[in-house]
Participant: 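Below: one structure in structure tokens.
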Amino acid sequence: MSVILNAKPVVQEIKNQLAEEVSQIQAAGIKPTLGIVRVGDRPDDVYYENSIIKNCQSIGIAVKTYTLALDIDMEAFTNILRQVNEDSSVHGILIFRPLPKQLDENVIKYIIDSNKDIDCMSPLNMAKVFEGDMEGLIPCTPAAVMETLKHYNITLQGANVVIMGRSLVVGKPLSMMLLKENATVTICHSKTKDLQGIAKKADIIVAAMGKAKLVDENYVTENSIVIDVGINDAGDGKICGDVDYEAVVDKVKSITPVPGGIGSITTAILLKHVVIACRRSSNR
Ligand code: NAP
């Protein structure tokens, strides 16, 4: 029988801890606050924003939203971002991405205040991860993967981990986090030869490619621990992961579902980062 690595208890554990910390911070007269910068009205973004607001409210984090016109130019955008940087009542900033073409993320990532950068956009925060400093505002999705592995007591020391995907949002920073825990990490990508053979030798497989249901029974063994980071359109109005869940669920040791897996934990990590940023700014 495979173990299903559900997000619910992981999220609950993180939120319980945060609710306690938030009430301590509030008792000192400080209101932890997240600033969300959203450009345009993409339905996905609006849905995600509402979900984050609901989650923040559930543990006492306040939210300020900055909704900007889709055709906003770079100068106007950076002026607003600088204002949010300087607003001491906002502790964490989340900029929804991808941004429209006229807004250059490669410039913006140097403008966002690295102390408020809860989604690890700033190269300063990313550099810390590559130096082995995981105490700061690290990328949320890899952090969610690490929380899951920790919650379910999955041994990392000496484990062979295969990460499918080398993006700066998931694969690369995750490899650093796993190395720090003494795992042996193999990073695969679209030019990797024999992905199936490599995956089959792994103790832990992390799929983060954005390829719906690519990982099927040919990639796994009964000893595989499968972490599915993918969020893809399943074509039937639902979402699916990079793993063909139905095909592998009974053939592996354990597996994260989609939905109800890494995605939900990622949101909880965002909240955690708002609290970290708030504590640091107020020396609490
Ligand atoms: P990305 O920037 O497009 O990167 C995809 C990576 O997968 C690339 O390194 C690519 O290789 C590799 N890849 C693509 N096809 C492959 C194949 N057939 N075999 C092996 N490697 C392959 O994507 P991302 O932003 O990292 O996101 C990946 C997935 O995670 C997406 O489904 C996304 O929606 C999801 N995601 C989820 C969360 C969450 O909260 N759960 C957060 C972020 C992203 P190359 O480098 O060679 O192109």
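In this chain, residues are counted from 1 in sequence order. When a ligand or atom number is given, it counts from 1 through the structure's own listing order.
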Participant: Within the protein, flag every N or O under 3.5 Å from an N or O of ligand 1, and note the pair and distance.
Facilitator:
from, atom 1, to, atom 2, distance (Å)
ligand 1, 9 (O), R166, N, 2.8
ligand 1, 11 (O), S190, N, 3.1
ligand 1, 21 (N), H189, O, 3.4
ligand 1, 21 (N), S190, N, 3.3
ligand 1, 26 (O), S167, OG, 2.5
ligand 1, 32 (O), I231, N, 3.0
ligand 1, 32 (O), I231, O, 3.4
ligand 1, 32 (O), N232, OD1, 3.3
ligand 1, 34 (O), I231, O, 3.1
ligand 1, 40 (O), T141, OG1, 3.3
ligand 1, 40 (O), T266, OG1, 3.1
ligand 1, 41 (N), V229, O, 3.4
ligand 1, 46 (O), R166, NE, 2.7
ligand 1, 47 (O), R166, NE, 3.4
ligand 1, 47 (O), R166, NH2, 2.8
ligand 1, 47 (O), S190, N, 3.1
ligand 1, 47 (O), S190, OG, 2.5

Participant: Can you tell me how far the CD1 atom of I80 sits from the CD1 atom of I95, to the nearest 0.5 Å?
Facilitator: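 So the CD1 of I80 and the CD1 of I95 are separated by 11.0 Å.
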
Participant: Test question: given the 4.5 Å side-chain rule for I, L, V, M, F, W and Y, name all other residues clustered with I4, or answer none.
Facilitator: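 For the cluster that includes I4, the remaining residues are V162, M164, L195, I198, I205, M209, L214, V215, Y219, V220, V226, V243, Y245, V248, V249, V252, I255.
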
Participant: One thing to verify: whether R38 and E49 come together as a salt bridge, which I'm taking to mean a side-chain N less than 4.0 angstrom from a carboxylate O.
Facilitator: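 Yes.
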
Participant: Side chains of residues 261-277: which donor-acceptor partners sit under 3.5 Å, not counting sequence neighbours?
Facilitator:
from, atom 1, to, atom 2, distance (Å)
T266, OG1, I262, O, 2.9
K272, NZ, E147, OE2, 2.9
H273, ND1, I118, O, 2.9

Participant: Taking ring pair (Phe, Tyr, Trp, His ring centres under 6.0 Å) as the definition, give me every residue that meets it alongside Y110, ordered by chain and number, with sequence neighbours left out.
Facilitator: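 Here no residue qualifies.
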
Participant: I need the minimum non-hydrogen distance between D242 and A212, along with the two atoms involved.
Facilitator: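 Heavy-atom minimum between the residues: OD1-N, 4.2 Å.
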
